[in-house]
Amino acid sequence: MTPRRWVAALALTVVLAAALVVAAQPFEPATGPPMADHPSRVAALTPPMGWNSWNRFGCAVSAELVEQSADALVSLGLTALGYEYVVIDDCWMADHRDARTGRLVPDPVKFPRGIADVARYVHARGLKLGIYEDAGTLTCAGYPGSLGHERLDARTFAEWGVDYLKYDNCNHGSSVSTRHYIARYAAMRDALDAAGRPILFAICEWGVHQPWIWAPGLGQSWRTTHDIADSYASMLAIFRANAALSAFAGPGGWNDPDMLEIGNGGMTPTEERTEFTLWAAMAAPLMAGTDLRAVSPSDAAIYANPEVVAIDQDRLGQQAVPVAAAGRSAGSQGLWVLRKQLADGSVAVVLFNATDVAATVSTSVAELELHAASEYALRDVWTGEDSTVGSTTASGRLSVVVAPHEAKMYRITATR
Ligand code: GLA
């Protein structure tokens, strides 16, 4: 080899080694509890709440829809309960970037006054604005993606006054880029940090590469499954997958089993209450996914149940743990008992009958690991009924007939 070739080979080795070091950095698994370790990060100490356009409206988004939905959150009393983020999902963009600046362009028909104008409207009502992008070359619906444009896009969102970014996972496998999945999400995390505005980072990777392992250091929530559909079967499948992940959620970082379908017509009122109950028990983000401008009073009442919302938002941030009973594993035969420890020492308990026939769901104060006491107050957070259960003799058992697809939810407190 000539000296010149030596130098070239050496330089190449150094560059490759440096590239490896850089590439290796974001792959380190998160250690310790999820936390906001950058001054401008959103803390998300309780699960995010709000509304998202996708489940009900798909690509039919507009400034008018977003603003009217913000108004509805206020008039339905949902803002007072903590619903805060108004999120525009996919399809808000034009199909090209600005030729001169390279910036994303809001669809001029759907958002004629731009996104900053919508942000001002939403902020004026005490709410926050969320937007959608994708860690690929195109979004799932085919609009320009952020891959390779992270810095500019994060700056653009910050300038527009965006407070929440849902960051999706379509269209990254082409020859254009096969960058590692963590690197793609870390690039946007870094870009958001650099943009200097607190923007909640909602990672939407569908659970493909176990994001509950690596996403806690990057985002405040991570989707754990593929998309929900408006049916009991879909909701149940997602519950079953997400329920197994309680160890990975906590203040600052939440498992996200996808947005709520309550009000969209595909589930019975019982199943809708079940979705809300299970999501609250799992400390899931509560993102209403329906047309809040036309929601029925009974569906609005589900979203607005203050006691269920309080369980979701409990500051201890525990995701409910499925309880095994003597002789059977948690959830066996479609009968579930879930236990969520709450900050005030009380415990939220769900008795869920996932089957198609009425069944008795049983547990006991021992299985629920309740503090030693001789009597417990039981509050049904859906009916408002109060009762008691003793810790001794047969009364130490909690056995309730639960309707098909129903989830009962109690708050249990030691009284003496
Ligand atoms: C993916 C996401 C959905 C939604 C659509 C939009 O499927 O998982 O939640 O954002 O893309 O195209």
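In listed order, ligands and their atoms are each counted from 1. Note that this is a predicted model, so its numbers are computed, not measured. Numbers here are sequence positions counted from 1.
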Numbering as shown, the atoms of ligand 1 that approach [X] to under 4.0 Å (heavy-atom distance):
{"X": "C140", "answer": "1 (C), 11 (O), 12 (O)"}
{"X": "C204", "answer": "2 (C), 8 (O)"}
{"X": "W206", "answer": "2 (C), 8 (O)"}
{"X": "Y132", "answer": "6 (C), 10 (O), 11 (O), 12 (O)"}

Could you tell me whether E406 and K408 make a salt bridge, using a distance below 4.0 angstrom between a side-chain N and a carboxylate O? yes
Thinking salt bridges, do E205 and R184 make one under a 4.0 Å N-O criterion? no
Given the side-chain rings of W54 and Y132, with only the six-membered ring counted for Trp, is the space between their centroids under 6.0 Å? no
Can you confirm whether or not the ring centre of W92 sits under 6.0 Å from the ring centre of W160? yes
In the protein, which heavy atom is nearest to [atom], and how far is it?
{"atom": "atom 8 (O) of ligand 1", "value": "D227 OD1, 2.6 Å"}
{"atom": "atom 12 (O) of ligand 1", "value": "D90 OD2, 2.7 Å"}
{"atom": "atom 10 (O) of ligand 1", "value": "D89 OD1, 2.6 Å"}
{"atom": "atom 2 (C) of ligand 1", "value": "D168 OD2, 3.2 Å"}

Name the orientation class of the two ring planes belonging to W214 and Y181 (parallel below 30°, tilted from 30 to 60°, perpendicular beyond 60°). tilted
Strictly by modelled atom types, are D134 and H172 linked by a side-chain donor-acceptor pair under 3.5 Å? no
Heavy-atom nearest neighbour of atom 9 (O) of ligand 1 within options M259, M287, E205, K166: K166
Does NZ or CZ of R125 fall inside the cone over Y121's six-membered ring, less than 6.0 Å from its centre and within 45° of the axis? yes
Is the shortest distance from a heavy atom of R223 to ligand 1 less than 4.0 Å? yes
